[in-house]
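To start, the structure itself, in structure tokens.
In what follows, chains are A, B, ... by sequence order, proteins preceding strands, each numbered from 1.
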Amino acid sequence: MRWSQTLIPTMKENPSDAEIPSHRLMIRAGLIRQLMAGAYTYLPLGWKSIRKAEAIIREEMDRAGAVELHMPALQPIELFERTGRREAFGNVLINFPIRRGNQEGQYALGPTHEEVITDLVSKLVSSYRQLPFTMYQIQTKFRNEERPRFGVLRTSEFQMKDAYSFSATVEQLDTAYDAMYDAYCRIFARCGLEYLPVEAESGPIGGDASHEFMIPSGNGEDSIFRCPSCQYAANMERADTGRAANITEVADADMQALEEVATPKAGTIDQVTKSMGCDATDLIKTLIYDVDGETVAVLLRGDHEANEGKIRRALDANSVELADNATIEEVTGAPVGFAGPKGLSIKMIADHDVPSVNPAVIGANKADAHFKNVYLGRDYELPTDAVGKPVTHDLRNAEPGDGCPKCEGTLERVHGIEVGHVFKLGTKYSESLDANFADEKEQRHPIIMGCYGIGVNRIIAGIAETRHDDNGIDWPLSLAPFEVDIIPLKVDDEEVMQAAESLYDSLKSQGVDVILDDRPARPGVKFKDSELIGFPLRVVIGGRGLAEGNMEVKWRSDEEPTMIPVAEVEVRVLEMLVDKRAEEAGQVP
RNA sequence: CGGGAUGUAGCGCAGCUUGGUAGCGCGCUUCACUGGGGGUGAAGAGGUCGCAGGUUCAAAUCCUGUCAUCCCGACCA
């Protein structure tokens with residue numbers, strides 16, 4: 001490509017709306033432009049990189065045995081009603097009526113394609129002999145994000161590779177899952193990303209059923225907990241905090257008298273600690289939940305955050321949500337904010353750390369009052385096991401400093417950008433959409449599914465976010481919009497231009513992805529743009545070099561260029577690219 | 001949806017407090033010089049100051065409403 005024939009609107013200054021590096025750099029390098037909140041045009045350079053990422057994804061999907069298909073983005077709303085996801089997605093699902101003749105139907109733009117593909121498979125598969133298989137597609141997905149942000153990291157329209165596996169047995173599912181997991185590792189490695197597979201919410205299958213692929217980055221939206229001493233890494237919803245009750249024993253003789261303290265209008269942890277001059281860690285907070293219709297009190301240390309997924313698992317429940325105010329007032333006899341375990345008659349479960357708050361400050365189940373010097377056993381009870389120890393659960397979000405569940409280490413928190421997710425779905429969709437198969441005994445079963453997604457745009461944004469310096473983006477060769485940037489320093493110098501054209505033609509004919517900066521601009525402008533966009537290999541051709549019979553070749557990461565005799569440049573560039581590709585391939589597991 | 005901020009030329013910004021001919025830098029056009037790290041000089045083009053209403057002789061500036069974008073939070077199958 002000749003620079004003069006494409007559109008590369010680079011910018012010297014930072015756009016005022018862009019804050020994080022990936023957003024700033026992608027705009028400044030002329031990769032993207034914004035249309036509106038959460039919607040970006042990919043300009044020629046940005047789209048080239050997207051296409052390169054897609055090509056890598058396709059190669060690895062094919063290699064892992066998945067087959068590509070293409071489904072409509074426009075989908076009948078009825079499918080989402082059958083799986084219950086019209087309600088689950090809520091406002092995120094973009095849907096609208098369309099009139100055709102005198103018929104009006106409601107349609108959705110696919111936020112993902114479980115419904116469509118399961119419906120398809122339900123019509124085409126009837127026997128275990130047709131299973132297993134995995135299919136994938138790459139297409140635009142639509143989600144009405146309540147708050148698009150971080151430039152291209154969170155948009156309402158994005159390229160997604162979504163794959164779905166269909167199996168007759170759990171073993172087949174495990175095989176498909178492992179194949180996708182391995183493919184993802186290869187994909188992200190080939191894309192030059194530092195990635196971290198983390199355990200994620202496991203859903204109905206349980207166990208090791210879901211992993212998110214994260215790019216560790218300070219600007220990532222997700223919190224990841226990982227252990228520096230072992231391989232354990234999990235997202236915040238999933239990370240285990242401990243396995244046993246943490247009990248502070250207090251002898252009866254040392255217990256201080258229970259005391260009721262007036263705490264007017266102090267209904268939050270913050271207000272109570274201020275009002276009573278204590279720490280959040282001295283409090284036990286009592287959250288009233290509606291769990292499958294039953295009202296349950298959940299006890300946590302004051303500074304901890306409830307994790308509804310863990311509560312759901314601990315109680316083996318389907319739905320967990322905070323009770324409404326009326327229920328709370330009825331159960332506790334006090335307005336919201338003054339609940340406490342003393343004298344509470346509903347079912348109670350406590351986090352592992354609750355018995356360590358001894359004595360504790362708790363709500364008095366009475367407006368504007370709390371108790372202090374509250375002791376487990378004396379003032380309130382928890383369920384106990386056979387030997388009388390309190391039974392507690394892991395009910396809260398992990399925090400930095402929590403013990404690693406796998407070893408003796410301590411968890412640390414890092415932020416990450418989620419670029420991929422692999423998930424053992426089980427039979428949720430096959431059951432609701434009647435995708436069944438007959439086994440060898442003519443027994444009908446729902447097909448066991450897995451789903452596997454990659455956010456293609458996030459791969460590109462992840463590169464810009466994590467691989468850049470003061471001058472611009474540092475692309476891996478595999479994704480760079482062009483591999484080689486040829487810079488003739490003076491385009492009206494015939495000798496220079498002829499040498500540049502000749503090298504350009506021969507590299508192009510050898511399959512090198514090369515751009516010729518044929519703009520009549522000053523050298524400084526071309527150098528700056530080259531580094532801002534981040535072309536990996538740069539060849540500079542100037543009168544001075546040519547007079548000595550040389551061209552100058554430099555990797556973006558090199559400090560100094562290498563002078564290479566004109567006659568050898570083509571061969572050397574080809575060699576350098578081969579070596580670099582091999583080097584990058586060496587990172588792939 | 002709650003909180004905060006910003007809308008003036010393609011981009012970055014000043015002007016607004018105290019109403020009175022719309023400005024600066026970059027970029028763009030033409031010419032000359034220059035020619036290895038975002039050049040110099042000269043001459044130009046380009047803006048109904050987000051939009052609507054109001055106050056006023058007069059509004060970028062004051063008032064009301066509205067829209068858009070960004071940030072924090074809530075939400076995120």
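- In this entry B/U40 has B/A32 as its Watson-Crick or G-U wobble partner, both defining distances falling under 3.5 Å.
- A donor-acceptor contact shorter than 3.5 Å links the side chain of A/Lys526 to the backbone of A/Asp517.
- Between the side chain of A/Asn471 and the main chain of A/Glu531, no donor-acceptor pair closer than 3.5 Å is present.
- With P as the reference atom, B/G47 and B/A22 are 13 Å apart, rounded to whole Å.
- Residue A/Arg28 places no side-chain atom within donor-acceptor reach of the base of B/G12, judged by atom type and a 3.5 Å distance cut-off alone.
- Per the geometry, CD belonging to A/Glu145 stands 15 Å off P belonging to B/A74, to the nearest Å.
- Residue A/Val92 is classed as having no contact, given no heavy-atom separation below 4.0 Å to the nucleic acid.
- Across B/A9 and B/G46, the matching C1' atoms stand 6 Å from one another, rounded to whole Å.
- With B/G36, B/G38, B/A74 as the choices, the nucleotide that has an atom nearest any side-chain atom of A/Pro523 turns out to be B/G36.
- Between A/Gln34 and the phosphate of B/C70, there is a side-chain N or O to OP1/OP2 separation shorter than 4.0 Å.
- Among the atoms of the strands shown, base atoms are found under 4.0 Å from some heavy atom of A/Gly545.
- Remark: the separation of the P atoms in B/A59 and B/C75 is 48 Å, to the nearest Å.
- Using N1 to N3 plus N6-O4 or O6-N4 for Watson-Crick, or N1-O2 and O6-N3 for G-U wobble, each under 3.5 Å, B/C24 pairs with B/G12.
- Side-chain contact of A/Glu199 with A/Asn235: a donor-acceptor pair under 3.5 Å is absent, judged by distance alone.
- Remark: A/Arg147 is in phosphate contact with B/C72, judged by side-chain N or O atoms under 4.0 Å from OP1 or OP2.
- The base of B/G12 has none of its N or O atoms less than 3.5 Å from a complementary donor or acceptor on the side chain of A/Asn14.
- For the pair A/Lys554 and A/Glu560, the salt-bridge criterion is not met [side-chain N within less than 4.0 Å of a carboxylate O].
- Distances from the side chain of A/Pro15 to the nucleotides B/G12, B/C71, B/G38 place B/G12 closest.
- Nucleotide B/C26 holds its C1' atom 15 Å from the CG atom of A/Leu532, rounded to whole Å.
- Judged by Watson-Crick or G-U wobble contacts below 3.5 Å, the nucleotide B/U56 has no partner.
- Both distances falling under 3.5 Å, in either a Watson-Crick or a G-U wobble arrangement, occur for no nucleotide opposite B/G19.
- Rounded to an integer number of Å, the gap from CZ of A/Phe89 to P of B/C75 is 17 Å.
- Using C1' as the reference atom, B/G15 and B/A60 are 8 Å apart when rounded to the nearest Å.
- Out of B/C75, B/G38, B/C11, the shortest distance to the side chain of A/Met11 is found at B/C11.
- Looking at A/Asp529 and A/Arg519, a side-chain N of the basic residue comes within less than 4.0 Å of a carboxylate O on the acidic one, giving a salt bridge.
- Rounded to whole Å, the P atom of B/G10 lies 28 Å from the corresponding atom of B/G54.
- Taking the C1' atoms as reference points, B/G4 lies 25 Å from B/C11, given to the whole Å.
- Residue order along RNA chain B, read from the 5' end via each residue's closest nucleotide, puts A/Gly543 first among A/Gly151 and A/Gly543.
- By the 4.0 Å N-to-carboxylate-O rule, A/Glu78 lies too far from A/Arg86 to be salt-bridged with it.
- For the pair A/Leu35 CG and B/A68 P, the computed distance is 13 Å after rounding to whole Å.
- B/A5: Watson-Crick or G-U partner is B/U69, with both key distances under 3.5 Å.
- Put simply, A/Ser16 has a side-chain N or O that comes within less than 4.0 Å of OP1 or OP2 on B/C13.
- Across all strands shown, A/Arg519 has no heavy atoms under 4.0 Å from either base or sugar-phosphate atoms.
- Between A/Arg556 atom CZ and A/Ser530 atom OG the span is 8.0 Å, to the nearest 0.5 Å.
- Among the nucleotides B/C70, B/C26, B/G36, the one closest to any side-chain atom of A/Glu552 is B/G36.
- A/Trp3 places a side-chain heavy atom less than 4.5 Å from the side chain of A/Asp485.
- Taking for each of A/His23 and A/Pro520 the nucleotide of RNA chain B with the nearest heavy atom, the 5'-most of the two is the partner of A/Pro520.
- The residue A/Ala88 sits apart from the nucleic acid: no heavy atom pair falls under 4.0 Å.
- The base of B/G37 is not paired with the side chain of A/Arg522 by any donor and acceptor separated by under 3.5 Å.
- The interatomic distance linking A/Asn219 (CG) with B/C71 (C1') rounds to 12 Å, in whole Å.
- Between the side chain of A/Asn144 and the main chain of A/Leu93, no donor-acceptor pair closer than 3.5 Å is present.
- When the P atom is compared between B/G12 and B/U6, the two are found 16 Å apart, to the nearest whole Å.
- Under the Watson-Crick and G-U wobble criteria, each requiring two contacts below 3.5 Å, nucleotide B/U48 is left unpaired.
- Of the candidate nucleotides B/G36, B/G12, B/C72, B/C72 has the atom nearest to the side chain of A/Phe150.
- Within 4.0 Å (heavy atoms only), A/Glu19 reaches sugar-phosphate atoms of the nucleic acid but no base atom.
- When rounded to the nearest whole Å, the span between CE of A/Met563 and P of B/G36 equals 14 Å.
- Straight-line distance from the NZ atom of A/Lys528 to the C1' atom of B/C26: 15 Å, rounded to whole Å.
- A straight line from CZ of A/Phe527 to C1' of B/G39 spans 14 Å, rounded to a whole angstrom.
- B/G19 and B/C63 have their P atoms separated by 12 Å, given to the nearest Å.
- Taking the six-membered ring wherever Trp is involved, the centroid distance between the rings of A/Tyr181 and A/Phe213 falls below 6.0 Å.
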Hey, mind stepping through A/Thr155 and A/Tyr40 against side chain to side chain donor-acceptor pair (under 3.5 Å) and telling me if it holds? CA-CA 8 Å; A/Thr155 56; A/Tyr40 288 83; over 6 Å; no

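- Contacts between residues 482-494 of chain A and RNA chain B, defined by a heavy-atom separation below 4.0 Å, involve A/Leu489, A/Lys490, A/Asp492, listed by number.
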